[in-house]
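Please read the structure below before turning to the comments.
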Amino acid sequence: LVPEVDEVIAYEAPWMKASRPRPDATTEHAMVARLREGRFDAAAVFTVYSQSPLPAAVLCFLAGIPRRLAHCRENPYLLLTDWVAEREPIHLLRHEVRRQLDLVATVGAAAVDERLSLAVPVEAQRRADALLDRLGLGSGEGWVAIHPGGSAPSRRYPPEAFAQVVRGLDAAGLRVVLTGTATERGLVRDIQRAAGVRSYSLAGRLDLADLAALLARAPVLVSNNTAPVHVAAAVGTPVVDLYALTNPQHTPWGVPHRVLSHDVPCKYCYKSVCPQVHHDCLRRIAAKDVVDAALDLLGQRALA
């Protein structure tokens, strides 16, 4: 960012979202102490438009951070020294990355390169190379990564449809590598069983660094709209994003991509569980369209 700063440290604030009730403010006092120890000159509070920045602003104020920046829907008085009146979603709607770039631009900071970036440890890169060699995929071509899981049920493409996608990619001569958390091993196994063709499961075998290294080598990622989509974007990998219409702001940023969804009247519900139960924004995406989107991106990559 410009103007230059010596150090930028990011903290995630769980109290920005709904969380379980706590008996006291021990966690908040600890965070204030941690922030105070950092002797920061400024803090930027990044929120989606449905969140309030004020809980985090209070902590930054109590920690003695002299400049505090955020979007805010109401007058924050002394809690924010620099604030931008919240205009979303009534007057405009932006990608989440654009929203935050616009925020810091109000205090004179501009990104030289607006793409996402992620530094992948060298050891993770070596592990990914060794793993792909063992799978016979070391050439870097002829395969696709699929991430079929996701923390929110409303953002998950049906497993049986993923199985059809795996079969379609296999029929196109591509091998499929499925990723997921340890708790998603059963999901991946069920998809493999239903697909009935050769595929590889890495569910539960990759930490974040290893996942980033693997995705950096993947020709294309097919995924629900969940964290690996943005990891892939940060390492420059094209993405087929099976995009539940829970909100419009979190599509892949800065890489070739195809966003697939089925338009529904209940879109932009901002719910983790489909309130209509039918999941039509995802369920009605044809597996063939997913396969075609992946092949299209593979073709573009081959021409690059």
Side-chain angles (χ1 to χ4, degrees), residues 12 14 16-18 46 48 50-51 95-97 100 116-118 120 144-163 165-166 176-192 199 201-216 218 220-262 264 267-275 279-285 287 289-290 293-294 297:
E12 182 179 5
M16 299 300 295
K17 299 182 179 181
F46 295 145
V48 300
S50 60
Q51 295 172 330
H95 192 286
E96 194 61 35
V97 175
Q100 309 309 347
L116 301 181
S117 64
L118 183 63
V120 182
V144 172
I146 292 183
H147 188 86
S151 59
S154 62
R155 296 201 301 269
R156 297 178 197 151
Y157 192 52
E160 60 274 17
F162 266 121
V165 172
V166 173
V176 173
V177 176
L178 294 117
T179 63
T181 64
T183 59
E184 291 166 345
R185 283 178 177 144
L187 167 66
V188 169
R189 190 164 49 246
D190 290 344
I191 291 170
Q192 290 181 294
S199 62
S201 173
L202 299 181
R205 296 177 56 185
L206 306 174
D207 62 17
L208 179 58
D210 291 337
L211 176 66
L214 179 83
L215 294 181
V220 167
L221 170 68
V222 176
S223 177
N224 294 321
N225 193 51
T226 188
V229 164
H230 309 298
V231 173
V235 296
T237 296
V239 179
V240 177
D241 192 346
L242 300 168
Y243 198 86
L245 294 176
T246 54
N247 75 68
Q249 297 171 279
H250 300 152
T251 53
W253 179 266
V255 293
H257 61 271
R258 299 290 180 272
V259 175
L260 302 182
S261 59
H262 178 78
V264 289
K267 64 185 176 184
Y268 309 151
C269 65
Y270 295 91
K271 301 295 184 182
S272 295
V273 176
C274 177
H279 294 267
D280 278 357
C281 62
L282 283 180
R283 189 176 60 83
R284 289 178 175 265
I285 301 171
D289 291 342
V290 181
L297 287 174

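Every heavy atom of this structure was used, including side-chain atoms; hydrogens, water molecules and symmetry mates were not. By convention here, the first residue in the shown sequence is residue 1.
Across every non-hydrogen atom of Val259 and Pro252, the tightest pair is CG2-CD, 3.9 Å. Nearest approach of Gln100 to Phe46, heavy atoms of both residues: OE1-CD2, 3.1 Å. The shortest non-hydrogen separation linking Leu178 to Gln192 is CD1-CG, 3.9 Å. Of all non-hydrogen atoms in Ser154 and Thr246, the two that sit nearest each other are OG-CG2, 3.5 Å. When every heavy atom of Ala145 is checked against every heavy atom of Ala218, the shortest pair comes out as CB-CB, 4.1 Å. Closest approach of Ala232 to Leu215, counting heavy atoms only: N-CD1, 4.1 Å.
For the pair Pro159/Asp190, no side-chain contact is recorded, criterion being any heavy-atom separation below 4.5 Å from C-beta on. When side chains are defined from C-beta on, Val48 counts as touching His250, because their heavy atoms get closer than 4.5 Å.
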Criterion side chain to side chain contact (heavy atoms under 4.5 Å, CB included) on Asn225 and His230, from CA distance to verdict
CA-CA 9 Å; Asn225 193 51; His230 309 298; 4.2 Å; yes
Yes or no on side chain to side chain contact (heavy atoms under 4.5 Å, CB included) for Glu184 and His147, after CA distance, side-chain angles and deciding distance?
CA-CA 10 Å; Glu184 291 166 345; His147 188 86; 4.1 Å; yes
Let me see the working for Leu208 and Val231 under side chain to side chain contact (heavy atoms under 4.5 Å, CB included), right down to the final yes or no.
CA-CA 9 Å; Leu208 179 58; Val231 173; 4.3 Å; yes
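Between Phe162 and Tyr157, the angle of the ring planes goes over 60°, which puts this pair in the perpendicular group of the 30/60° scheme.
One distance of note links SG of Cys281 with NE2 of His279; it measures 8.5 Å at 0.5 Å rounding. Rounding to the nearest 0.5 Å gives a distance of 7.5 Å between CZ of Arg155 and CG of Asn247. Rounding to the nearest 0.5 angstrom, the gap separating the CG atom in Leu260 from the CG atom in Leu282 is 10.0 Å. Here Arg185 contributes atom CZ and Arg205 contributes atom CZ; the two are 9.0 Å apart, rounded to the nearest 0.5 Å. Between the OH atom in Tyr268 and the CD atom in Gln249 there is a gap of 9.5 Å [rounded to 0.5 Å].
For Asp289, there are no side chain to side chain donor-acceptor pair (under 3.5 Å) partners at least two apart in sequence or on another chain.
When atom types are taken as modelled, the side chain of Asn224 and the backbone of Leu242 share no donor-acceptor pair closer than 3.5 angstrom.
Evaluated for a side chain to side chain contact (heavy atoms under 4.5 Å, CB included) with Val144, the options Val240, Leu221, Val222, Leu297 yield exactly one hit, Val222.
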